[in-house]
Enquirer: 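This is the structure, below, for whatever I ask next.
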Amino acid sequence: MDLFLDRVVIGLEQGAIYGSVALALVLIYRSTGFVNFAQGEMALFSTFLTWQFWEWGVPIAAAIAASMGVSFLAGAVIERVLIRPVGDVEHNALALVIVTVGMLLALNALVGWIWGTEGRRFPKIFGAGTVDIGSVSISYQALGTFAVLAVLLGLLYLLFQRTKLGLAVRAVASNAESSSLAGIRVGRILMFGWGLAAAVGALAGALYASELSLLDSNIFFQLLIYAFAAATLGGFDSPVGAVVGGLVVGLVTVLAGGYVGFLGEDLKLVAAFAVILVVLLVRPQGLFGRKQVSRV
Amino acid sequence: MSHLLEARALTGGYGPVQVLRGLDFHVDAGEVVVILGANGAGKTTTLRALSGMIPARGEVVFDGRSIIGRRPEAIVRFGIAHVPQGRGTIADLTVEENLRVGAIIRRDREVGADIDRWYEMFPRLAERRDQAAGSMSGGEQQMLAIARALMCRPRLLLLDEPSLGLAPLVTREVFERLAHVNRELGTTVLVVEQNANLALEIADRGYVLEAGLIAASGRADELASDESVRKAYLGY
């Protein structure tokens, strides 16, 4: 029983991280209508940046904040320089996907070129201790991850539902043409959306590396797969769905890895693919996603 | 007297295809002006050229300032609001959020009061204020699109085929509201329409567009009674 509860806690913790990367995917999907395959590698780059600041002696929290700031700017620049010239999703969806796949490879190579390919030790953001609740012990790291995710969701909710800027982002996502006619500077909103997603990715990357205590250039590809599973499960257009999807995927993969003998630790990624497959078969729009209805 | 909006030798189109072949027209403050014409005559393109949605050449002067070559988000700040054809509403936002988007360029504190005023004028919108715009009927969406455009307190309202896809009774209601807005607020209206009868009823003047050129122009009652215009361009 204790082992089971431990696994639940670990699953939820990992799920919270998957959920936050899925959140970054959802932020871009909602504003542009396509999936950014480079999200994981953008987060990888940001996390190496965080590590570099920390290595230079900056406290880890400040290092993360600085990296989020740089990532926000870089995300905005990527939208302006690499994405927008390619065109919009209605006319050039395939080209856009190819560009993000190219970015995935380029960023991964860039990280290897700058920081090398060997693993780096990444600090525990919230310290190494644990809290005992009954028979279950929960690490500070897990509690911190939950808290960060909850605060992040709360802030995003306030941004989207309570501010003019958030209203503008949602308007552009739904109807860019009418939004620009209303005076919204659509280009700037798209840059903001990409910047925001990159910053969220930087935060998620730091949580991920911190949980593993390790950072190397290969681990983020897996993270992206888990995030895809989470976003598919929750629905690509729902921030809440992304987080719930992340928690479920985290639980399923950890429990499947623990209890399904032939899967084990090495093959638990298969569980994530299984989640994607089943969702696409049963409920393609995801748990919280809206079915696309078009009036004709 | 100088006109509120004046276009001279206006050309424009999509890529290499020039749809407008040099239009001259004007709209005076307080007028309702209608542009009539068959499918493909260039009515929609004219409005898109005016609001900066497509590249256009020639001269467009609004309130003494040249607006040609400006982007849509700049032109709305000059005081020109454009309700595009079909889906002028932002489908995923609620009715109230749509109205707030309409006022997004305003910095004053009377936005809430304006929203209440539109709810008074269009009670159906008030009933559905928390409903997604995309789930409403075509007529309700058209009313919302107009109200949203008026939320930025424009001096000139551009309307693209408000009757498209609406039942005749609903179309009549939309036009009556439009005439009301023009009378009460003094908002100048430039509307393009295929539904000539109704549009000419509320319009002061009209232009008939054919293949990217202005083929006829005049007072609305003259156009409505002109046999040759009617037969050739209005199809009744």
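Keep in mind it's a predicted model, so treat the numbers as computed, not measured. Protein chains get the first letters and strands the later ones, always in sequence-line order, with residue 1 at the start of each.
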Enquirer: Measuring heavy-atom distances to chain A, does B:Arg77 have an atom under 4.5 Å in its side chain, in its backbone, in both, or in neither?
Expert: side chain
Enquirer: Look at atom CZ of B:Arg153 and say whether more than 12 heavy atoms of other residues, nucleotides or ligands are closer to it than 6.0 Å.
Expert: yes
Enquirer: Under 6.0 Å from the CZ atom of B:Arg71, do we count more than 12 heavy atoms belonging to anything else shown?
Expert: no
Enquirer: Can a donor-acceptor pair be found, under 3.5 Å and without considering hydrogens, that links the side chain of A:Asn175 to the backbone of B:Thr89?
Expert: yes
Enquirer: Take atom CZ in A:Arg30; do more than 12 heavy atoms of anything else shown fall under 6.0 Å from it?
Expert: yes
Enquirer: To the closest 0.5 Å, what do you measure between CD1 (B:Ile90) and CG (A:Leu167)?
Expert: 7.5 Å
Enquirer: To the nearest 0.5 Å, tell me how far A:Arg170 CZ sits from B:Leu93 CG.
Expert: 5.5 Å
Enquirer: Can you tell me if CZ on A:Phe221 sees more than 12 non-hydrogen neighbours from other groups inside 6.0 Å?
Expert: no
Enquirer: Just so I understand: if I count every heavy-atom pair under 4.5 Å between each of B:Asn98, B:Asp92, B:Ile80 and chain A, which residue has the most?
Expert: B:Asp92
Enquirer: Report which part of A:Ala168 has an atom under 4.5 Å of a heavy atom belonging to chain B: side chain, backbone, both, or neither.
Expert: both
Enquirer: Count the heavy atoms belonging to other residues, nucleotides or ligands that lie under 6.0 Å from CZ of A:Arg84, then report whether that count exceeds 12.
Expert: yes
Enquirer: Picking from B:Ile105, B:Ile104, B:Val83, which has the most non-hydrogen pairs under 4.5 angstrom with chain A?
Expert: B:Ile104
Enquirer: Tell me if a side-chain donor or acceptor on A:Ser178 pairs with a main-chain N or O of B:Gly88 at a distance below 3.5 Å.
Expert: yes
Enquirer: Surrounding CG of A:Leu281 (heavy atoms of other residues, nucleotides or ligands, distance under 6.0 Å), is the total greater than 12?
Expert: yes
Enquirer: From A:Gln161 CD over to B:Glu97 CD, what is the distance, rounded to the nearest 0.5 angstrom?
Expert: 6.0 Å
Enquirer: Does any non-hydrogen side-chain atom of A:Glu177 lie less than 4.5 Å from one of B:His82?
Expert: no
Enquirer: Any chance CZ of B:Arg57 has more than 12 other-residue heavy atoms, nucleotides or ligands included, within less than 6.0 Å?
Expert: no
Enquirer: Decide if atom CZ of B:Arg106 counts as having more than 12 heavy atoms of other residues, nucleotides or ligands within a radius under 6.0 Å.
Expert: yes
Enquirer: Would you say that B:Met53 contacts A:Leu181 through its side chain, given a criterion of any heavy-atom pair below 4.5 Å between the two side chains?
Expert: yes
